Engineer: 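Mind having a look at this structure? Questions to follow.
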Amino acid sequence: MNNFTYIRAASVKDAVQRATADKDAMFIAGGTNLVDRLKVFLDEPSQLIDISRLQMQRIERMPNGGLRLGSLVSNTAVADHADVRRDYPLLSRAILSGASQQIRNMATLGGNLLQRTRCPYYYDTAFPCNKREPGTGCPAATGINRMHAIFGASDQCVAVHPSDMCVALAALDAVVDVEGPKGKRQIPFADFHRLPGNAPQRDTNLEMGELIAAVSLPPVPFAKSGVYLKLRDRTSYAFALVSVAAAVDLEGDNIKDVRLAMGGVAHKPWRPTEAEKFLIGKPANAATFQQAAEIALRGAKPLAHNGFKIELAKRAIRRALTVSAKGGGVV
Ligand code: SF4
């Protein structure tokens, strides 16, 4: 294990300056994934920059009616916030479907976006892994891969993103507010995480020294009927085999607008935009939802052990759309 220094950042500017000056520095807040990785030497930073006491811990109403969630707000505080529960229940339910109460109390919103895949080969340093050490290989591609991707994988990496929260944020078209050495910028959620391509070691499009300051949720009135459905091997404390965030806006019996995102199927939250386009203007019934599910899974490329995810995802989409169209609630 490498020795590292621990520094408590005095301000966001201080944190950014320190991280920009040292390419091997890492930020730490809740530490619920990073400390696990440190323990098995996946990350060996030169310094840990503790940002946990910085002023990014508020949930604020934005002038446009949306919500701005500070990146250091705990997962529990986001899930339990009255405005989140009322206006974005799919986000609250997605968070509560993940981890345990103790972990959610420690974990932060920004850290949730930055957690890394739980591909077992990545965590087991007895195996090679392109994400851990580029150019060494991807044993999951030909090994045990029932938890792995059916969309967007490359010959370099077939891992999936583990977050539930991020699936809901993708469906809500959230925006990530970032502060870095070149100042502030906003990254649309769809552009925040990356597909593996030829650089599976990079999970996000953050540049060196950049810090997540907040995540902004635009107003989405029909998100009040949004739902989150997570399917997994056991009913708690397990990552998704497949998950679906859905929100349906009805005008009479027809679909006026819709949001759909999937988890457990790709290296980033997966937005089946063709299925969303298909749904607009169609009657909200079982046949429509079945067709949308078929469209959403077009182009899926299963590996040796995860072909079951295709049918599972279709059923999850149908179920989530049906419940949302009826007003939402627990799926
Ligand atoms: Fe590593 Fe990605 Fe392959 Fe898993 S899927 S072994 S994380 S390269």
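Quick caveat: nothing in here was measured; it's all calculated off a predicted structure. No hydrogens, no waters, no symmetry mates; every other heavy atom, side chains included, goes into these values. Residue numbers start at 1 and run along the sequence shown.
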Engineer: Is a donor on one side and an acceptor on the other found under 3.5 Å between the side chain of Ser243 and the backbone of Ala240?
Structural biologist: no
Engineer: Between Ala140 and Cys119, what is the shortest heavy-atom contact and its length?
Structural biologist: CB-SG, 4.3 Å
Engineer: Using 0.5 Å steps for rounding, measure from the CZ atom of Arg53 to the CZ atom of Arg8.
Structural biologist: 3.5 Å
Engineer: Checking side chain to side chain donor-acceptor pair (under 3.5 Å) against Thr76, which of Gln102, Arg104, Gln101, His81 comes through?
Structural biologist: Gln101
Engineer: Which heavy atom of Ala246 sits nearest to which heavy atom of Leu321, and what is that distance?
Structural biologist: CB-CD2, 4.2 Å
Engineer: Do Gln55 and Arg58 have a side chain donor and acceptor closer than 3.5 Å?
Structural biologist: no
Engineer: Charged N to carboxylate O below 4.0 Å: is that the case for Glu207 and Lys182?
Structural biologist: no
Engineer: Which heavy-atom pair separates Asn306 from Ala149 by the least distance, and what is that distance?
Structural biologist: ND2-O, 3.2 Å
Engineer: Honestly curious: do Val220 and Val227 fall in one hydrophobic cluster under the side-chain, below-4.5 Å linking rule?
Structural biologist: no
Engineer: Which heavy atom in Ile144 sits nearest to a heavy atom in Tyr121, and how many Å separate them?
Structural biologist: N-OH, 2.9 Å
Engineer: For atom CG of Asp253, decide whether the heavy atoms of other residues, nucleotides or ligands shown that lie under 6.0 angstrom number more than 12.
Structural biologist: no
Engineer: With the side chain counted from C-beta on, respond yes when Asp177 and Arg68 share a heavy-atom pair under 4.5 Å apart, and no when they do not.
Structural biologist: yes
Engineer: Do the non-hydrogen side-chain atoms of Glu210 and Arg185 ever get within less than 4.5 Å of each other?
Structural biologist: yes
Engineer: Less than 6.0 angstrom from the centroid, inside 45 degrees of the normal: does Lys230 satisfy that with respect to the ring of Tyr228?
Structural biologist: no
Engineer: Is a side-chain N or O of Arg118 found less than 3.5 angstrom from the main chain of Tyr123, in a donor-acceptor match?
Structural biologist: no
Engineer: Between Arg298 and Glu294, is there a side-chain N and carboxylate O pair less than 4.0 Å apart?
Structural biologist: no
Engineer: Ile95 vs Asp164, test: side chain to side chain contact (heavy atoms under 4.5 Å, CB included). Steps then yes/no.
Structural biologist: CA-CA 6 Å; Ile95 294 169; Asp164 295 296; over 6 Å; no
Engineer: In terms of side-chain geometry, is the basic nitrogen of Lys224 or Asp87 positioned less than 4.0 Å from the acidic oxygen of its partner?
Structural biologist: yes
Engineer: Is the number of heavy atoms from other residues, nucleotides or ligands within 6.0 Å of CZ (Arg61) greater than 12?
Structural biologist: yes
Engineer: Determine whether Lys184 and Glu179 satisfy the following criterion, side chain to side chain contact (heavy atoms under 4.5 Å, CB included), listing intermediate values before the conclusion.
Structural biologist: CA-CA 4 Å; Lys184 299 182 182 182; Glu179 296 202 30; 3.6 Å; yes
Engineer: For the residue pair His193 and Phe189, does the interplanar ring angle fall in the parallel (under 30°), tilted (30 to 60°) or perpendicular (over 60°) class?
Structural biologist: perpendicular
Engineer: Please report the interatomic distance OG1(Thr108) to CD(Gln115), rounded to the nearest 0.5 Å.
Structural biologist: 10.0 Å
Engineer: Would a hydrophobic clustering, with Ile, Leu, Val, Met, Phe, Trp and Tyr connected at side-chain separations under 4.5 Å, put Leu96 with Leu231?
Structural biologist: no
Engineer: Can you tell whether the side chains of Arg271 and Asp173 come within less than 4.0 Å, N to carboxylate O?
Structural biologist: yes
Engineer: Hey, could you give me the NZ/OG1 distance between Lys277 and Thr273, rounded to the nearest 0.5 Å?
Structural biologist: 5.0 Å
Engineer: So how far is it from Met147 CE to Phe239 CZ, rounded to the nearest 0.5 Å?
Structural biologist: 8.0 Å
Engineer: Rounded to the nearest 0.5 Å, what separates atom CD1 in Ile212 from atom CE in Met56?
Structural biologist: 9.0 Å
Engineer: If we ignore hydrogens and angles and just use 3.5 Å, is the side chain of Asn130 paired with the main-chain N or O of Gln156 as donor and acceptor?
Structural biologist: yes
Engineer: Looking at every non-hydrogen atom in both residues, tell me the closest pair between Phe308 and His305 and how far apart they are.
Structural biologist: CE2-O, 3.4 Å
Engineer: Does Arg319 CZ have over 12 foreign heavy atoms under 6.0 Å away?
Structural biologist: no
